Asker: 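If you scroll down you'll find the structure; I have some questions about it.
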Amino acid sequence: MPRKNPRVEEADENNLEVGKPKDWAAGFPGVYHSMKPAIEKMGLDRSRKTLLALNQKDGFDCMSCAWPDPGHRKAFEFCENGAKAVTWEATPVLVPSEFWAEHPVSELRGMSEYWLGMQGRLTEPVYKPAGEDHYRPVSWDEAFSILGGKLKSLASPDEAAFYTSGRTSNEAAFLYQLFARAYGTNNLPDCSNMCHESSGWGMGQTIGIGKATISYDDFAQADLIIIMGQNPGTNHPRMLTALEEAKEAGGRIVAVNPLPEAGLRRYKNPQKVKGIVGHGTQIADQFLQIRLGGDMALLQAVSKRVLDAEARNPGSVLDHRFLQEHCQGLEELKEHLAELDEAAVLAATGLRSQEIDELAARYLRAEKVIITWAMGITQHKKGVATIKEIINLLLLRGNIGKPGAGASPIRGHSNVQGDRTMGIWEQMPPAFLDALGKEFNFEPPREHGADAVETIRRMRDGDIKVFVGLGGNLVGAISDSRAAEAAMANTEMSVQISTKLNRSHTVTGEEALILPTMGRTEIDLQASGPQFVSVEDTVCAVHASHGTVKPVAPNLLSEVAIISRLARATLDGKKTDADWAGFERNYDLIRDHISHVVAGCEDYNRKIRQEGGFVLPNGPRDSRTFPTPTGKAMLTVNHLEHVQRPAGTLILQSMRSHDQFNTTIYGHDDRYRGIKKGREVVFVSPEDIAELGLSDGQHVDIHGVYEDNAERVLRKFRVVSYPTARGCAAAYYPEANVLVPLESVAEGSNTPVSKAVIVRLEPSAA
Ligand SMILES: Nc1nc2c(c(=O)[nH]1)N[C@H]1C(S)=C(S)[C@@H](COP(=O)(O)OP(=O)(O)OC[C@H]3O[C@@H](n4cnc5c(=O)[nH]c(N)nc54)[C@H](O)[C@@H]3O)O[C@H]1N2
Ligand SMILES: Nc1nc2c(c(=O)[nH]1)N[C@H]1C(S)=C(S)[C@@H](COP(=O)(O)OP(=O)(O)OC[C@H]3O[C@@H](n4cnc5c(=O)[nH]c(N)nc54)[C@H](O)[C@@H]3O)O[C@H]1N2
Ligand SMILES: [Mo]
C-alpha cells in the first residue's frame with residue numbers, strides 16, 4: 001500500500017470558510033505569520049540563520065520576489081511571504097529513498113501541488129526508465145550519462161528544449177545558455193514568457209529597453225504613483241514600505257484594479273509604532289475599479305485628456321522640450337486619440353467619465369509620475385499595446401529619465417530579470433551571440449528558438465523530444481493544463497532540476513530524470529571554497545547572494561555543478577573554449593566570462609564584491625538616451641480593442657492567493673480576501689450572481705468558452721460574493737490553467753492570456 005505522508009493534510013473543500021475581505025495588509029499578524037511556521041519547522045537556530053540573513057548585505061537574496069533592497073536596510077528586511085519561501089526551502093524535511101518504490105508515478109500524478117511540495121526536499125538523483133511506472137535512485141554519474149547520451153543521440157539539437165525558471169542565479173543562467181547554444185539550439189523558453197514578456201516587448205519597441213527606468217529611491221520622490229494590475233500586499237509586500245515612504249513625503253497613489261486588494265488600501269507597517277497601535281497608512285488616494293482588460297482604454301482616455309488640456313492651454317501642459325528632443329510620433333498619436341470614442345472607453349473600463357477626469361487631473365498636477373504594473377497588465381491579449389499606452393502617457397509629460405518618475409514593471413521571480421540579462425531568451429540579439437561566440441570560440445546558432453507556448457506545441461507535435469527544466473514547473477504553470485500534460489508525456493525524455501516535487505515531475509516523457517539541487521539559502525561549498533552567486537532585482541541592481549545554512553542533504557549539487565557536469569557529459573564532440581570543470585570549482589571564472597560577454601557587466605568580479613553590488617546602465621533612466629532604431633522614444637498608435645463577453649458569460653482572471661508562490665502551495669488560506677481552508681472558489685460580484693440566477697455559496701462548474709469548443713472545465717467551485725468589477729470573476733492559478741486554450745496568447749509577446757478567460761458558470765450536479 002502506498003504510504004500517505006502523515007504530515008500532509010489535504011484541504012477538504014467542504015470545510016472552506018468565507019469571511020470578510022480585509023481592508024489593510026501586514027501589521028502584527030504579518031510578523032506572526034512570518035515567524036511562527038519558520039520557528040516551528042526549522043527550529044530557532046536555522047530560523048535565525050536564514051531569516052536574519054534575508055536580504056542583508058552579507059546574506060542571501062530573498063527568492064519570493066524581485067523587489068529591490070533599500071540602501072538603508074533594517075534588521076528584519078523580509079516579509080511574511082519571504083519567510084514562507086525560506087521556510088519552504090530550508091526546512092529539513094526530506095524525501096526518503098523508499099519514497100520512490102512506494103509511490104508509482106501514476107499515483108503521484110493524482111496528488112495535489114500542495115501534497116507534492118510538502119513531501120520535502122529532493123535529496124538524490126532519480127531515474128524513470130522507459131516503460132516503468134517508478135523512479136529509482138541512481139548515482140550522479142549514471143544520471144549525467146543517461147541525459148548526455150540521450151542528447152548526443154538526437155538528430156538535431158533543436159529536438160531539445162532547455163527551460164529556466166526565475167530563481168536561477170546569474171552564474172547558473174549564464175552557463176545554462178552557453179551550454180544550450182554550444183550544444184546547438186536557441187530553444188531557451190523561460191518563465192518570463194508567461195510573465196513580463198509583454199513588458200519587454202512594449203517597452204523595447206518604444207523606449208528601447210525592457211526594464212524599469214527607475215531606482216528604489218524614486219518612489220519617495222514621486223508626486224504620483226499609479227499602480228496597475230498588481231497586488232503588492234501579497235506578491236511584493238516590501239513594496240508597501242516604499243509606498244508608505246512615498247506617502248509620507250507627500251506623494252499620492254492611485255490603484256487601478258478590478259479588486260479592492262487589502263495592500264492597496266491601507267498598510268500597517270509592523271516596524272513602526274503607528275503600524276502597531278494606529279490605523280496605519282492609507283495607500284491609495286483614488287481607486288479605479290476597472291474591468292478586466294480595460295486598462296488600454298483607460299490609458300488612452302487619460303492621454304486624450306492630457307492632449308485636450310494642452311489644446312486648451314497651448315504650450316503649458318506637454319513637456320515640449322522633451323518631446324522635441326527625445327520623442328517621435330506625437331502628431332500621429334494626437335490624430336489617433338482625437339477620434340477616441342468615450343462610450344467605448346466607458347464600456348471597456350466600466351468606469352465613470354468623472355473618475356477618469358479625476359485621474360487625468362491628478363496626472364496633470366504631478367510633476368513626477370511613476371507607473372508600476374504586473375500581471376494584471378501583461379497577461380492580456382492586448383498586453384503589449386497596453387504597455388505602449390503606459391509609455392505614451394509617461395512620455396507626454398516627460399516622465400521618463402528624471403528623478404521620481406518612470407515606467408516600472410515589477411518583476412515576479414527574484415532573478416527572472418538577471419536570467420534574461422545573462423542570455424536566457426530564445427531570441428537573444430546578434431550582438432550578444434557574437435560576443436558569446438567570440439569569448440568561447442564557437443558559432444552559436446542564430447535561428448530563434450521556441451518560447452514556452454511554442455515548446456508545448458513542439459512537444460505535442462513530436463518535434464521537441466527532450467525537455468530539461470532548470471527549476472520551475474512548466475506543466476503546472478502554463479495554460480491549457482491537459483494539453484501541456486499530453487505534450488510533456490509525448491516527449492522521449494523529461495528532466496527536472498529541482499528542489500522539490502511538483503506537477504512537472506509526475507507528468508513525464510518515456511524516460512525521466514529528477515536532479516536535486518541546492519537552494520539559495522544553502523552554503524555552496526566547492527573545491528576552491530564557499531561560493532556566492534549573483535542576482536538582479538526589478539530596478540536593475542545586481543548584487544551577491546550567500547547561502548547561510550548547511551544544505552539539507554549531503555548528495556545535492558549546486559545548479560552550476562549540475563550544468564557543468566551535464567555539459568561535460570554532452571559536449572565531448574563539440575569544441576568550445578569553456579573550462580566546464582573550472583567553472584564548477586570556482587564561480588569567479590564564470591564571472592570573468594560574464595564580464596566579457598554581457599554589456600554592463602564589465603569587471604563583474606570586482607563590482608559584485610562592492611557593498612550592495614552595482615546598478616546596470618539604463619539609457620532612458622540615466623541620460624534619456626533611447627536605444628531604439630531611431631534613437632528616439634516612440635509614441636505609438638495602438639488600435640483600441642477590448643475583451644468581448646457573450647451574454648451569460650463572465651471574464652475571469654486567474655491570480656495568486658496569499659498562501660502560494662506560483663505553483664507552490666504553502667497553505668489553503670487567502671487571509672486578505674477572507675478565504676480559509678480551501679482554494680476552489682470563484683469570486684463574483686453580487687450583482688452578477690443575481691443576474692446569472694446563482695447564489696452566494698452555491699457550487700458551480702466553470703466552463704472555458706472558446707471557439708474550438710473543447711471541454712475545459714473546473715468542477716464544483718464555490719461561488720463567493722465579492723466586490724469585484726461587474727462582468728468579471730476571479731479564481732486561483734494554477735487551478736484555472738485548465739480553462740485557457742494554448743492558442744489564447746497576448747499579441748506580440750505570446751504570453752498566455754491568464755487574466756481574461758471567458759467563462760460560463762453552471763450549477764454543479766449534486
Ligand atoms: N507571495 C508571492 N509573491 C510572489 C508570487 C507568488 O506567487 N506569491 N509570484 C511572483 C511572480 S512570478 C510574479 S509575476 C508576481 C505577480 O504579482 P501580481 O501581478 O500582483 O500577481 P497576481 O496575483 O497575478 O495579481 C494580479 C493583480 O492584477 C489585478 N488584475 C487582473 N487583471 C487586471 C486587469 O485587467 N487590469 C487591472 N488594472 N488589474 C488587473 C488582479 O486583481 C490582481 O490584483 O509576484 C511575485 N511574487
Ligand atoms: N493562470 C495563470 N498562469 C500563470 C500565471 C498566472 O498569473 N495565471 N503566472 C505566470 C507567471 S507570472 C510565472 S512567473 C509562471 C511561473 O512558472 P515557474 O517558474 O515554472 O513555476 P514555479 O511555480 O515558480 O516553480 C516552482 C518550482 O521550482 C522549483 N524550485 C524552487 N526553488 C528552486 C531553486 O532554487 N532551484 C531550482 N532548480 N528549482 C527550484 C521547485 O521544484 C518548485 O516546485 O507561471 C505563469 N502561469
Ligand atoms: Mo512571474
Side-chain angles (χ1 to χ4, degrees), residues 63-67 79-82 84-85 88-89 113 116-117 122 163-169 172 190-196 227-237 255-259 261 263-264 288 290-295 298 373-380 386 410-414 416 452 469-479 496-505 515-521 559 562 643 651 653-664 666 724-725 728 730-737 739-740 751-757:
M63 52 288 217
S64 189
C65 74
W67 183 252
C79 70
E80 173 188 347
N81 279 334
K84 282 184 204 158
W88 189 80
E89 176 179 299
E113 292 283 7
L116 292 168
L122 296 158
Y163 176 73
T164 312
S165 167
R167 277 194 192 176
T168 295
S169 65
D190 68 349
C191 67
S192 195
N193 298 145
M194 302 178 273
C195 183
H196 266 294
I227 306 170
M228 308 185 78
Q230 195 202 344
N231 178 19
T234 285
N235 297 314
H236 305 92
V256 183
N257 202 302
L259 299 175
E261 307 282 25
L264 296 171
L288 290 145
I290 196 160
R291 287 201 178 135
L292 290 165
D295 304 82
L298 173 67
W373 69 91
M375 296 304 101
I377 298 296
T378 63
Q379 295 174 335
H380 278 289
T386 305
I410 307 281
R411 302 279 157 182
H413 262 301
S414 51
V416 62
L470 181 57
N473 178 7
L474 180 62
V475 173
I478 202 159
S479 47
Q496 306 286 340
I497 302 166
S498 317
T499 52
K500 286 201 174 185
L501 278 177
N502 62 47
R503 180 66 55 239
S504 296
H505 304 95
L515 308 178
T517 190
M518 292 185 328
R520 211 180 272 171
T521 50
E559 292 185 341
I562 292 174
V643 193
I651 310 170
Q653 64 155 317
S654 57
M655 63 190 185
R656 292 153 173 80
S657 83
H658 197 64
D659 260 4
Q660 75 182 80
F661 185 89
N662 297 343
T663 67
T664 297
Y666 304 128
T724 183
C728 300
Y732 297 124
Y733 141 70
E735 289 84 343
N737 274 335
L739 301 172
V740 188
T751 295
V753 177
S754 306
K755 296 290 192 273
V757 190

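The structure presented is a predicted model; accordingly, all values stated were derived computationally and were not measured. Remember, it's 1-based here, ligands and their atoms both numbered in the order they're listed.
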Asker: Starting from atom 42 (O) of ligand 2, what is the nearest protein heavy atom, named by residue and atom, and what distance separates them?
Answerer: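 Minimum-distance protein heavy atom for atom 42 (O) of ligand 2 reads K500 O, 2.7 Å.
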Asker: Will you find, in the side chains of H505 and S498, an N or O donor that is under 3.5 Å from an N or O acceptor?
Answerer: yes
Asker: Counting only nitrogen or oxygen atoms and a 3.5 angstrom limit, does N662 reach ligand 2?
Answerer: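 By distance alone, the answer is yes.
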Asker: For I497, counting its heavy atoms only, list the atoms of ligand 2 lying under 4.0 Å from any of them.
Answerer: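 Counting from 1, the qualifying ligand atoms are 37 (C), 38 (N), 39 (N).
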Asker: Between T499 and R167, do the side chains contain an N or O donor and an N or O acceptor separated by less than 3.5 Å?
Answerer: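 Checked: T499/R167 side chains show no N/O donor-acceptor pair below 3.5 Å.
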Asker: Could you pull out, from P734, G376, C79, the option with a heavy atom nearest to atom 30 (N) of ligand 1?
Answerer: G376
Asker: Which atoms of ligand 1 sit under 4.0 Å from any heavy atom of G229?
Answerer: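 Every atom of ligand 1 under 4.0 Å from some heavy atom of G229: 19 (O), 27 (C), 28 (O), 29 (C), 37 (C), 38 (N), 39 (N), 40 (C).
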Asker: Does one side chain, of E113 or N473, offer a donor that lies under 3.5 Å from an acceptor on the other?
Answerer: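 Yes, side-chain donor-acceptor contact under 3.5 Å.
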Asker: Quick one: does N737's side chain have a donor or acceptor within less than 3.5 Å of a partner on A477's backbone?
Answerer: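 Yes; judged by distance alone, with no hydrogens or angles, the pair exists.
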Asker: Is the closest side-chain heavy-atom distance between T521 and M63 below 4.5 Å?
Answerer: yes
Asker: Report the C-alpha distance between S754 and V740 in whole Å, list the side-chain angles of each, state the deciding distance to 0.1 Å, and finish with yes or no for side-chain contact (heavy atoms from CB on, under 4.5 Å).
Answerer: CA-CA 7 Å; S754 306; V740 188; 5.5 Å; no
Asker: One residue to check: L292. Relative to ligand 1, which of side chain, backbone, both or neither has a non-hydrogen atom less than 4.0 Å away?
Answerer: both
Asker: Go through ligand 2 atom by atom and flag the ones less than 4.0 Å from a non-hydrogen atom of N737.
Answerer: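 Answer, ordered by atom number: 1 (N), 2 (C), 3 (N).
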Asker: For atom 34 (C) of ligand 2, which of the options T499, L501, I562 provides the nearest non-hydrogen atom?
Answerer: T499
Asker: What residue and atom, counting heavy atoms only, is the protein's closest point to atom 25 (O) of ligand 2, and at what distance?
Answerer: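 Looking at atom 25 (O) of ligand 2, the protein heavy atom closest to it is G472 CA, 3.2 Å.
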Asker: Just let me know how M375 lines up against ligand 1, side chain, backbone, both or neither, with a heavy-atom cut-off below 4.0 Å.
Answerer: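 The answer is both, backbone and side chain.
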Asker: Would you indicate which of Q230, E261, M655, E80 comes nearest to atom 43 (C) of ligand 1 when only heavy atoms are counted?
Answerer: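 Shortest heavy-atom distance from atom 43 (C) of ligand 1: E261.
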Asker: Give the atoms of ligand 2, by number and element, whose distance to some non-hydrogen atom of T663 is under 4.0 Å.
Answerer: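 It comes down to these atoms of ligand 2: 22 (P), 23 (O).
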Asker: Checking T378 against H196: is there a side-chain donor and acceptor pair closer than 3.5 Å?
Answerer: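 Their side chains do not contain a donor-acceptor pair, so the 3.5 Å distance test is not met.
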Asker: Which of the atoms of ligand 2 are close to H413, meaning less than 4.0 Å from one of its heavy atoms?
Answerer: 14 (S), 19 (O), 24 (O)
Asker: What atoms of ligand 2 come closer than 4.0 angstrom to any heavy atom of E559?
Answerer: 34 (C), 36 (N), 37 (C), 38 (N)
Asker: Is there a heavy atom in K755 that sits closer than 4.0 Å to ligand 2?
Answerer: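 K755: in contact with ligand 2 (<4.0 Å).
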Asker: Could you tell me whether H236 approaches ligand 1 through its side chain, its backbone, both or neither, with non-hydrogen atoms closer than 4.0 Å?
Answerer: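 Contact part for H236 vs ligand 1: side chain (C-beta onward).
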Asker: Quick check on side-chain contact (heavy atoms from CB on, under 4.5 Å): which of Q653, M375, Q660 does Y733 satisfy it with?
Answerer: Q660
Asker: If I apply the N/O under 3.5 Å rule, does R291 come out as touching ligand 1?
Answerer: no
Asker: Can you find an N/O atom of T234 closer than 3.5 Å to an N/O atom of ligand 1?
Answerer: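 Yes - when backbone and side-chain N and O of T234 are compared with those of ligand 1, one distance drops under 3.5 Å.
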Asker: Which atoms from ligand 2 have a heavy atom of N502 less than 4.0 Å away?
Answerer: 27 (C), 42 (O), 43 (C), 44 (O)
Asker: Going by heavy atoms in the side chains, are W67 and I410 under 4.5 Å from each other?
Answerer: yes
Asker: Determine whether the side chain, the backbone, both or neither of N81 has a heavy atom under 4.0 Å from any heavy atom of ligand 1.
Answerer: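 N81 to ligand 1: side-chain contact only, backbone stays beyond 4.0 Å.
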Asker: Looking only at distances, please establish whether an N/O atom of ligand 1 is found under 3.5 Å from an N/O atom of V256.
Answerer: yes
Asker: Between R656 and ligand 2, which part of the residue brings a heavy atom under 4.0 Å of the ligand: side chain, backbone, both or neither?
Answerer: side chain
Asker: Can you report which non-hydrogen protein atom sits closest to atom 17 (O) of ligand 2, along with the distance?
Answerer: A477 CB, 3.2 Å
Asker: Out of N231, L264, N235, who gets a non-hydrogen atom closest to atom 47 (N) of ligand 1?
Answerer: N235
Asker: Show your working on side-chain contact (heavy atoms from CB on, under 4.5 Å) between R503 and T663 and close with a plain yes or no.
Answerer: CA-CA 9 Å; R503 180 66 55 239; T663 67; over 6 Å; no
Asker: For ligand 2, note which part of M63 has a heavy atom under 4.0 Å away: side chain, backbone, both or neither.
Answerer: neither
Asker: Between G412, S192, G294, flag the one that comes closest to atom 15 (C) of ligand 1 by a heavy atom.
Answerer: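 Looking at heavy atoms only, the winner is G412.
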Asker: For atom 21 (O) of ligand 2, find the nearest protein heavy atom and state the residue, atom name and distance (0.1 Å precision).
Answerer: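 Of every protein heavy atom, N473 N, 3.6 Å lies nearest to atom 21 (O) of ligand 2.
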Asker: With heavy atoms only and a cut-off of under 4.0 Å, state how Q379 meets ligand 1: side chain, backbone, both or neither.
Answerer: neither
Asker: Which one holds for D295 and ligand 1: side chain close, backbone close, both close, or neither close, with close meaning a heavy atom under 4.0 Å?
Answerer: side chain
Asker: At what distance is the nearest protein heavy atom to atom 39 (N) of ligand 2, and which residue and atom is it?
Answerer: G471 CA, 3.3 Å
Asker: Looking only at protein heavy atoms, which one is nearest to atom 45 (O) of ligand 2, and how far off is it?
Answerer: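 Ranked first by proximity to atom 45 (O) of ligand 2 is Y733 OH, 2.6 Å.
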Asker: Return the residue, atom name and 0.1 Å-rounded distance of the protein heavy atom closest to atom 32 (N) of ligand 2.
Answerer: R167 NH1, 3.1 Å
Asker: Within the 4.0 Å heavy-atom shell around T517, which atoms of ligand 2 are there?
Answerer: 36 (N), 37 (C), 38 (N)
Asker: Taking the side chain as C-beta and beyond, is there a heavy-atom pair between K500 and W88 under 4.5 Å?
Answerer: yes
Asker: Report, in ascending order of atom number, the atoms of ligand 2 lying under 4.0 Å from any heavy atom of Y163.
Answerer: 17 (O), 18 (P), 19 (O), 20 (O)
